[in-house]
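The structure appears right after this line, and notes come after that.
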Number of protein chains: 2
Amino acid sequence: MAYRRTENVVRRLNARHDAIVDAARDAATEGGMAAIQIVPVAARAGVAAGTVYRYFPSKIELIGALVESESESEIKAVRRAADAAPGPLSALAAGVATFGARALRRRRLAWAVIAEPIDSDTESVRLKYRRDLAAEFEARIRAAIDGGHLPEQDTERAALGMLGAMLEGLIGPLAPEPGDEQAAHARLREAVQTLTLFALRGLGVVDAHARGLVVQTVLPGEG
Amino acid sequence: MAYRRTENVVRRLNARHDAIVDAARDAATEGGMAAIQIVPVAARAGVAAGTVYRYFPSKIELIGALVESESESEIKAVRRAADAAPGPLSALAAGVATFGARALRRRRLAWAVIAEPIDSDTESVRLKYRRDLAAEFEARIRAAIDGGHLPEQDTERAALGMLGAMLEGLIGPLAPEPGDEQAAHARLREAVQTLTLFALRGLGVVDAHARGLVVQTVLPGEG
DNA sequence: TTTTGGGGTGAATCATTGTTCAGTCTTTCG
DNA sequence: CGAAAGACTGAACAATGATTCACCCCAAAA
């Protein structure tokens with residue numbers, strides 16, 4: 001034998017793997033899922049088209065890797081924000097607001113990864129993210145119900161309703177863009193608050209209480 | 001001259017135009033937007049591929065015609081249901097519930113026309129439907145606010161939140177399918193009620209009142 | 001019935017993209 | 001250094017699907 005996977009080589013391979021996923025992410029950030037095309041992505045990553053196939057058996061797997069990477073980091077953030085909250089209801093508020101705030105930060109990417117239409121082959125990998133996110137919300141809703149903070153209800157549909165309201169209201173194609181840079185930050189925060197409030201009230205939280213929860217929890221989520 | 005567009009000819013031309021749109025609708029109903037392909041659609045309509053181009057300059061226009069046709073009929077139904085209601089708040093409830101009930105009836109088509117991802121060229125024609133629908137909701141929300149039935153709020157985002165909750169909860173990819181035929185009808189109604197209730201509460205309607213409104217209005221919308 | 005002009009046809013063409021693979025380059029180690 | 005084992009390259013290929021167009025057909029009018 002003469003060639004071994006020395007540590008140096010492994011490091012380079014990993015770096016390339018990541019570079020390719022990063023290139024795909026950049027492409028999606030700029031032009032949505034449709035912009036993830038092998039040749040351009042390869043070029044952006046500084047490799048040839050064929051090389052991509054040494055790292056991913058097909059384009060679908062590449063997209064899968066990207067979605068999984070995004071999914072992991074976003075859900076982790078949501079979970080962390082929720083876990084840091086003092087009670088089940090504020091945990092729910094914090095989680096939802098965090099998701100919204102982070103998605104708004106990188107609207108295009110968030111939309112591409114979770115909702116933008118693509119061909120059916122690629123669809124399944126995204127459903128997992130969507131499902132995981134809904135499940136996370138659902139678990140928090142369940143906890144709040146069990147703690148007596150919310151009325152008994154269909155938690156699955158409630159979680160979907162929350163998710164849909166956030167997606168459509170914040171990063172959907174009709175969602176208003178924040179205007180100038182000056183007001184942008186404030187507007188983003190306000191938008192997240194508005195939608196989070198909407199979702200919480202939808203679950204049956206009384207308005208006054210919901211408002212307090214949202215104001216209390218949206219701030220850390222934006223960091 | 002020897003050939004004129006006699007009435008008979010015009011009738012045939014119109015019939016073909018409609019047959020092609022209908023074929024596209026059938027295709028979308030079965031397989032989503034991706035199933036709208038010129039050759040199969042043409043075959044379904046009983047014409048040759050080239051003929052489609054005598055009626056529509058491109059596939060995009062064909063999809064545009066389909067979306068517009070759906071958009072018109074759905075928005076008309078929503079408007080009719082809302083107009084028949086006794087007050088602004090029940091009008092809103094009736095409109096939303098009607099949209100939901102009708103969408104659930106033909107989930108796949110509804111999803112395809114309003115939300116399923118497609119290429120960006122075709123995207124713009126669908127935005128109009130989405131925008132019109134949101135505008136319809138927004139106008140009803142505005143009326144309810146003006147009538148003192150809802151607290152003052154950002155009506156644009158509220159309308160988007162409602163729309164998103166209905167879409168995601170009823171026809172989104174994660175929305176639970178109704179089970180057997182026996183229970184299907186009841187489940188559909190229940191699903192519409194659950195989400196409508198969620199949306200109304202999100203706007204600030206107090207729970208008890210909202211529940212009454214929904215029960216009152218969802219029934220006619222299903223017809 | 002014949003002329004005439006638009007309508008219809010559908011195989012061929014074009015365009016786009018994911019995927020492959022024969023040849024080349026790099027790295028490791030005796 | 002030189003052989004061995006992989007990794008990389010990118011032009012060629014394949015598959016899909018929209019669009020075209022040279023030719024045929026049919027209804028209307030004379």
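Hydrogens, waters and symmetry mates play no part in the numbers below; they use all other heavy atoms, side chains included.
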More 5' along DNA chain D: Q37(B) or N8(B), using each one's nearest nucleotide? Q37(B)

Spacing between L13(B) atom CG and dA28(D) atom P, to the nearest angstrom: 11 Å

Kindly state which residues belonging to residues 55-69 of chain A come within less than 4.0 angstrom of DNA chain D, counting heavy atoms of the residue only, listed by number. Y55(A)

Salt-bridge criterion met for R131(A) and E138(A) (N-O under 4.0 Å): no

Pair listing, salt bridge (charged side-chain N to carboxylate O under 4.0 Å, His left out) test, anchored in residues 29-44 of chain A, at least two apart: E30(A)-R44(A)

For V39(B), answer base if it contacts any base atom (sugar-phosphate contacts may also be present), sugar-phosphate if it contacts only those atoms, and nothing otherwise; contact means non-hydrogen atoms under 4.0 Å. nothing

For atom OH of Y53(A) and atom P of dT17(C), their distance in whole Å: 13 Å

Do R25(A) and E70(A) meet the salt-bridge criterion of a basic N to acidic O distance under 4.0 Å? yes

Among dC8(D), dA18(D), dG8(C), the nucleotide that comes nearest once only the side chain of R54(B) is considered: dG8(C)

Carboxylate-amine/guanidinium proximity below 4.0 Å for D83(A) and R79(A): no

Give the rounded distance in Å between these two atoms: CD of E7(B) and C1' of dA27(D). 15 Å

Parallel, tilted or perpendicular for F99(A) and F137(A), by the 30°/60° rule? perpendicular

For I38(A) and T51(A), find the nucleotide of DNA chain C closest to each by heavy atoms; which residue's nucleotide sits nearer the 5' end? I38(A)

Rounded to whole Å, the CZ-P distance (R12(B) to dA27(D)) equals 7 Å

Any heavy-atom pair between the side chains of R157(A) and P176(B) that's under 4.5 Å? yes

Measuring from atom CG of L188(B) to atom NE2 of H185(B), what distance do you get when rounded to the nearest 0.5 angstrom? 7.5 Å

What I'd like to find out is whether the side chain of R140(A) reaches to under 4.5 Å of the side chain of P88(A), using heavy atoms alone. no

Donor-acceptor side-chain pairing of R11(A) and N14(A) below 3.5 angstrom: no

Tell me which residues in residues 20-33 of chain A lie within less than 4.0 Å of DNA chain D, going by non-hydrogen atoms. none

